[in-house]
**Student:** 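There's a structure below that I have some questions on.
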Amino acid sequence: MRDLGAGFGYLLKGQRWVGRHGKRFGFGLLPGLITLVLYAAALIALALGADDLIDWATPFADGWGSPWATIFRGALTGLLFALGLLLAVVTFTAVTLLIGQPFYDSLSEQVDMDVAGSAPESGLSFWRDLWISTRDSLRIVVRAGIWGVLLFALGFLPVVGQTVVPVIGFGVTGFFLAEELTSVALQRRRVQLRERLALLRSRRTLAWGFGVPLGLAFLVPFVAVLLMPGAVAGATLMARDLLGEDADPGQAEDGDPGQAEDGDPGQAEDGDRLRDGAAPAPHMTAPGAAAPGVSPYPQPRP
């Protein structure tokens, strides 16, 4: 339960951080607005065409007596729109991050600077980073799509489909939102998708505490746009927690790189290792932060 509260706390801390950095908040709204317009058009098209699509897909119900055909097809139409809405919530973040990648990378780096006085860098070119982000986002969308189809099918179960399945749906949505948002900070640390998922699975309640409230908020029009910059900032703080790094903003005031020397003498050395893409000293990885045999810091490429 403490991780559940900590995840929600990072969401709030991220919003407070962008509140103190108004310029970054303003620039962060543009990618979200572009994505919102695209998704709104897609959902409107789905709403207008859902009835015809369901009628075409269920010809066997044409001979059913009234009102059973209407009830059956109405339920399917509602489930289809709910599935579209679920996929929109899950993929909205991925698309927004791709559109606004340069800004969100910069915002995440600034959060790291605010916390520790230094920001890890991937050492990859912009286009290489963009390719990795696009590839990983597509993988997450496919995973989310599989879950969406499964939950859509389970929605036909009496009682369970109207109670348990929606709860599971929000849990799945929250987990994938947490993965997509923490990927901004973790990709700069050369943490691959499989390892990111292992980190989040090892602390699912932390991911749920961050992602589920965000997913619920994203259901409200324009709220997703307003919360995106703060969500990236909060996810950066959560990523630091997952890797056993300090996650409190303002620890290194005025971006003083020497702050680490006043506390853990190995912290500055680990900052240098991270910037070079090398593995950190063992003390930086919190116990239980990754699945057995999985290092959250990949070895540098030759």
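Below, each value reflects all heavy atoms present in this structure, side chains not excepted, and no hydrogens, waters or symmetry copies.
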**Student:** Does F60 share a hydrophobic cluster with L53, counting links as ILVMFWY side-chain heavy atoms below 4.5 Å and allowing steps through other members?
**Tutor:**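 Same cluster.
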
**Student:** In this structure, would V172 and V142 fall into the same cluster of hydrophobic residues linked by side-chain contacts under 4.5 Å?
**Tutor:** no

**Student:** Could you pull out the closest heavy-atom pair between F8 and P213, with the gap in Å?
**Tutor:** CD1-CG, 3.7 Å

**Student:** Identify the two heavy atoms, one from A50 and one from T77, that lie closest to each other, and give their separation to 0.1 Å.
**Tutor:**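 Result for this residue pair: CB-CG2, 3.7 Å.
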
**Student:** Does CH2 belonging to W131 count more than 12 external heavy atoms closer than 6.0 Å?
**Tutor:** no

**Student:** Does D112 come within less than 4.0 Å of R240, counting only side-chain N to carboxylate O?
**Tutor:** yes

**Student:** Does the side chain of L197 reach to within under 4.5 Å of the side chain of F175, using non-hydrogen atoms?
**Tutor:** yes

**Student:** Take L227 and L11 through the side-chain contact (heavy atoms from CB on, under 4.5 Å) test and state the conclusion after the steps.
**Tutor:** CA-CA 9 Å; L227 294 184; L11 182 59; 5.9 Å; no

**Student:** Parallel, tilted or perpendicular for F218 and F92, by the 30°/60° rule?
**Tutor:**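 F218 vs F92 ring planes: perpendicular.
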
**Student:** With distance as the sole criterion, is a donor-acceptor pair present between the side chains of R196 and S183 under 3.5 Å?
**Tutor:** no

**Student:** Say whether I71 and F81 are linked into one hydrophobic cluster, either directly or through other cluster members, by side-chain heavy-atom distances under 4.5 angstrom.
**Tutor:**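 Yes, I71 connects to F81 through the hydrophobic network.
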
**Student:** Does the T35 side chain pair with the main chain of P31, one donor and one acceptor, at a distance under 3.5 Å?
**Tutor:**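 A pair under 3.5 Å: yes.
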
**Student:** Taking it one step at a time, do V95 and E180 satisfy side-chain contact (heavy atoms from CB on, under 4.5 Å)?
**Tutor:** CA-CA 10 Å; V95 175; E180 289 165 353; over 6 Å; no

**Student:** Should V18 and V232 be marked as a side-chain contact (heavy atoms from CB on, under 4.5 Å) after you check the CA-CA gap, both sets of side-chain angles, and the distance that decides it?
**Tutor:** CA-CA 10 Å; V18 296; V232 173; over 6 Å; no

**Student:** Starting from I99, can I reach V141 by hopping between I/L/V/M/F/W/Y residues whose side chains sit under 4.5 Å apart?
**Tutor:** no

**Student:** Using modelled atom types only, decide if a donor and an acceptor are shared between the side chain of T173 and the backbone of G169 within a distance under 3.5 Å.
**Tutor:**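 It does hold such a pair.
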
**Student:** Is any side-chain heavy atom of D241 less than 4.5 Å from a side-chain heavy atom of L237?
**Tutor:** no

**Student:** Specify the closest pair of heavy atoms between A178 and M238, including all atoms of both residues, with the distance to one decimal.
**Tutor:** CB-CE, 4.1 Å

**Student:** I'd like to know if D105 and R188 make a salt bridge, using a cut-off of under 4.0 Å between side-chain N and carboxylate O.
**Tutor:**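 Looking at R188 together with D105, the answer is no, because their closest N to O distance does not fall below 4.0 Å.
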
**Student:** Does either side chain, that of D129 or that of Q101, offer a donor lying less than 3.5 Å from an acceptor on the other one?
**Tutor:**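 There is no such pair (donor and acceptor under 3.5 Å, judged by atom type) between the side chains of D129 and Q101.
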
**Student:** Could you go step by step and tell me if T205 and F210 meet the side-chain contact (heavy atoms from CB on, under 4.5 Å) rule?
**Tutor:** CA-CA 9 Å; T205 52; F210 181 88; over 6 Å; no

**Student:** With a 4.0 Å cut-off, would you call D136 and R194 a salt bridge?
**Tutor:** no

**Student:** Is there a side-chain contact between I34 and T96, using heavy atoms and a 4.5 Å cut-off?
**Tutor:**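 Contact flag for I34/T96 side chains = no.
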
**Student:** Ignoring hydrogens and angles, tell me if any N or O in the side chain of R189 forms a donor-acceptor pair with the backbone of A185 under 3.5 Å.
**Tutor:** yes

